[in-house]
Amino acid sequence: MESSEEENDGVSGNHATKELIHLASNGAKFIDEVLNGQNECCLENFRMDKHVFYKLCDILQAKGLLRHTNRIKIEEQLGIFMFIIGHNLRTRAVQELFRYSGETISRHFNNVLNAIMSISLDLFQPPGSGVPSEIFEDPRFYPYFKDCVGVIDGIHVPVTVGVDEQGPFRNKNGLLSQNILAACSFDLKFQYVLAGWEGSATDLQVFNSAITRQNKLQVPEGKYYIVDSKYQNVPGFVAPYSSTPYYSKEFLSDYHPQDASELFNQRHSLLRHVIDRTFGILKARFPILMSAPSYPLQTQVKLVVAACALHNYIRREKPDDWLFKMYEEGSFPMEESQPPLEMEVPPKMDVETQTQPSVHTFDSEEIALASQLRDSIATEMWNDFIQ
């Protein structure tokens with residue numbers, strides 16, 4: 001996919017540091033110095049370990065998605081892409097470092113982005129039928145949440161659109177954004193991502209799209225995701241009790257629950273924080289998601305999906321990667337109400353721009369059964385707690 005001149009000025013953000021610029025006189029030499037140097041240098045520049053980087057190059061080449069050119073090898077193409085999304089740089093700064101024209105940088109950036117989109121289906125795995133070890137091995141959660149397969153939430157990602165398109169993308173805070181829904185597992189992987197909805201869309205609109213579209217979010221029979229209070233408690237999705245305290249750190253750590261609903265919300269919230277950690281890792285690794293890059297809207301949507309796919313790939317190949325290790329150990333800043341992402345797999349190539357979303361309505365019997373499930377979990381948990 002060829003880039004536009006607008007795209008050549010691509011990623012909003014900082015400019016390359018002088019230290020990095022002086023590392024090499026051209027792109028190929030810079031890549032060689034990074035990949036032949038200490039592993040920490042690859043982590044800093046390309047956001048993954050050297051062996052993980054090389055394996056990704058091999059995968060993309062073996063599938064015929066990338067190829068060496070006369071001037072630029074696959075390693076350099078991937079390095080350019082990872083450098084941009086991992087440092088949130090403008091294309092002009094990358095031009096200065098790699099000594100290529102803006103057109104060349106943008107062309108290879110888009111080629112790599114499309115290649116990663118092509119393998120994304122292999123990197124998003126739906127939940128299995130077993131009990132997640134993170135639940136099975138913790139008496140606070142097992143056996144009560146034994147049928148829980150993950151967490152769902154939404155996040156707003158900054159977006160750049162033309163003046164005529166800004167209205168629908170302006171969210172309730174007055175900022176331009178995509179509203180993204182995601183499902184993640186308890187081992188910090190994304191299972192599903194739906195990107196591209198306008199910032200003005202409600203979380204329920206995006207949720208309804210996720211469970212009704214052709215490539216919809218699949219919930220295994222007899223299983224469920226946990227969701228926060230902005231979603232309904234319906235079959236396949238267990239929400240907290242709306243009239244009971246939730247989210248407060250003090251409530252989680254210091255408060256002694258007084259009844260079954262408080263205890264349920266306390267442990268529900270502890271489980272739900274896995275999505276905060278998952279998105280914390282994603283944003284720390286790929287700060288491009290925290291800005292509004294001046295790419296075409298379709299490219300901005302793809303970037304969200306590709307970043308989540310790369311996140312899963314790194315988790316698969318290097319489970320103790322430095323960022324995963326940091327967030328697993330809890331040595332990270334917890335953000336308030338940080339939402340998760342949703343993306344459809346495989347992602348659509350056209351941008352999601354809804355005006356008439358499909359709406360799935362649950363009948364009274366389904367809602368009653370969902371309430372009964374939540375009550376039964378809370379009651380069993382409370383009875384064990386007071387004994």
Side-chain angles (χ1 to χ4, degrees), residues 1 3-4 6-7 10-12 85 109-110 112-121 123-124 152-173 175-184 190-218 230-231 275 278-279 282-283 286 288-312 338-360:
M1 170 170 133
S3 58
S4 65
E6 178 187 17
E7 194 168 4
V11 184
S12 302
I85 69 171
F109 177 89
N110 281 291
V112 175
L113 175 60
N114 290 328
I116 292 170
M117 292 294 289
S118 295
I119 64 170
S120 63
L121 181 61
L123 297 172
F124 291 92
I152 284 176
D153 208 339
I155 191 172
H156 283 260
V157 171
V159 72
T160 298
V161 293
V163 175
D164 294 341
E165 302 175 274
Q166 289 184 359
F169 284 91
R170 198 169 298 281
N171 61 35
K172 62 183 180 181
N173 295 320
L175 304 176
L176 299 176
S177 67
Q178 301 180 51
N179 191 351
I180 297 161
L181 179 141
C184 79
F190 292 104
Q191 297 170 328
Y192 178 88
V193 178
L194 177 58
W197 272 73
E198 300 94 328
S200 64
T202 67
D203 294 312
L204 286 178
Q205 282 179 304
V206 185
F207 175 79
N208 275 317
S209 176
I211 64 174
T212 57
R213 63 194 304 108
Q214 183 176 359
N215 294 307
K216 65 182 180 179
L217 170 66
Q218 299 284 352
K230 62 178 173 279
Y231 302 105
I275 203 149
T278 304
F279 273 93
L282 184 77
K283 294 193 301 181
F286 304 123
I288 192 172
L289 298 179
M290 303 311 297
S291 71
S294 299
Y295 292 121
L297 180 57
Q298 181 175 329
T299 302
Q300 295 177 69
V301 175
K302 289 180 181 179
L303 274 171
V304 173
V305 177
C308 294
L310 286 168
H311 169 102
N312 284 0
Q338 179 160 321
L341 298 165
E342 263 195 36
M343 136 192 134
E344 76 175 29
V345 180
K348 288 175 63 176
M349 289 301 101
D350 57 320
V351 176
E352 184 76 42
T353 52
Q354 105 305 336
T355 53
Q356 297 179 340
S358 300
V359 176
H360 179 83

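- Partner S177 forms a side chain to side chain contact (heavy atoms under 4.5 Å, CB included) with one of K172, H156, E198 and no other, that one being H156.
- To the nearest 0.5 Å, atom CG of residue N110 and atom CD of residue Q298 are 9.5 Å apart.
- S118 places a side-chain N or O within donor-acceptor distance of the main-chain N or O of N114, the cut-off being under 3.5 Å.
- Between the T299 side chain and the Y295 main chain, no donor and acceptor come within less than 3.5 Å of each other.
- Note: Q300 CD to L289 CG = 11.0 Å, rounded to the nearest 0.5 Å.
- Side-chain contact between L123 and F190 is absent, with no heavy-atom pair separated by less than 4.5 Å.
- Across every non-hydrogen atom of F124 and N312, the tightest pair is CD2-ND2, 3.6 Å.
- Of the possible polar contacts, none joining the Q191 side chain to the A183 backbone as a donor-acceptor pair under 3.5 Å is found.
- Taking the ring centroids of Y231 and F207, they lie under the 6.0 Å cut-off.
- Interatomic distance, I275 CD1 to I155 CD1, rounded to the nearest 0.5 Å: 9.0 Å.
- Using a 4.5 Å heavy-atom cutoff, the side chains of L310 and F286 are in contact.
- Heavy-atom minimum distance, L176 versus V161: CD1-CG2, 4.4 Å.
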Is there a side-chain contact (heavy atoms from CB on, under 4.5 Å) between R170 and L175? Walk through the geometry before answering. CA-CA 5 Å; R170 198 169 298 281; L175 304 176; over 6 Å; no
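- Side-chain contact between H311 and T278 is present, with at least one heavy-atom pair separated by less than 4.5 Å.
- Q178 places no side-chain N or O within 3.5 Å of a backbone atom of W197 that could act as its donor or acceptor partner.
- A distance of 7.5 Å separates SG in C184 from CZ in F279, rounded to the nearest 0.5 Å.
- Among all heavy-atom pairs drawn from P158 and S291, the shortest one is CB-O, 3.2 Å.
- Closest heavy-atom contact between G196 and V301: CA-CG2, 3.7 Å.
- Judged purely by atom type and a 3.5 angstrom limit, N171 uses its side chain to pair as donor or acceptor with the backbone of N173.
- Between A201 and N179, the shortest heavy-atom distance links the atoms O-ND2, 2.9 Å.
- A 4.5 Å side-chain heavy-atom check between K302 and V305 finds every atom pair outside the cut-off.
- Here the closest heavy-atom approach between residue A307 and residue L282 is recorded as O-CD1, 3.5 Å.
- Side-chain contact check for I152 versus L217: some heavy-atom pair is nearer than 4.5 Å.
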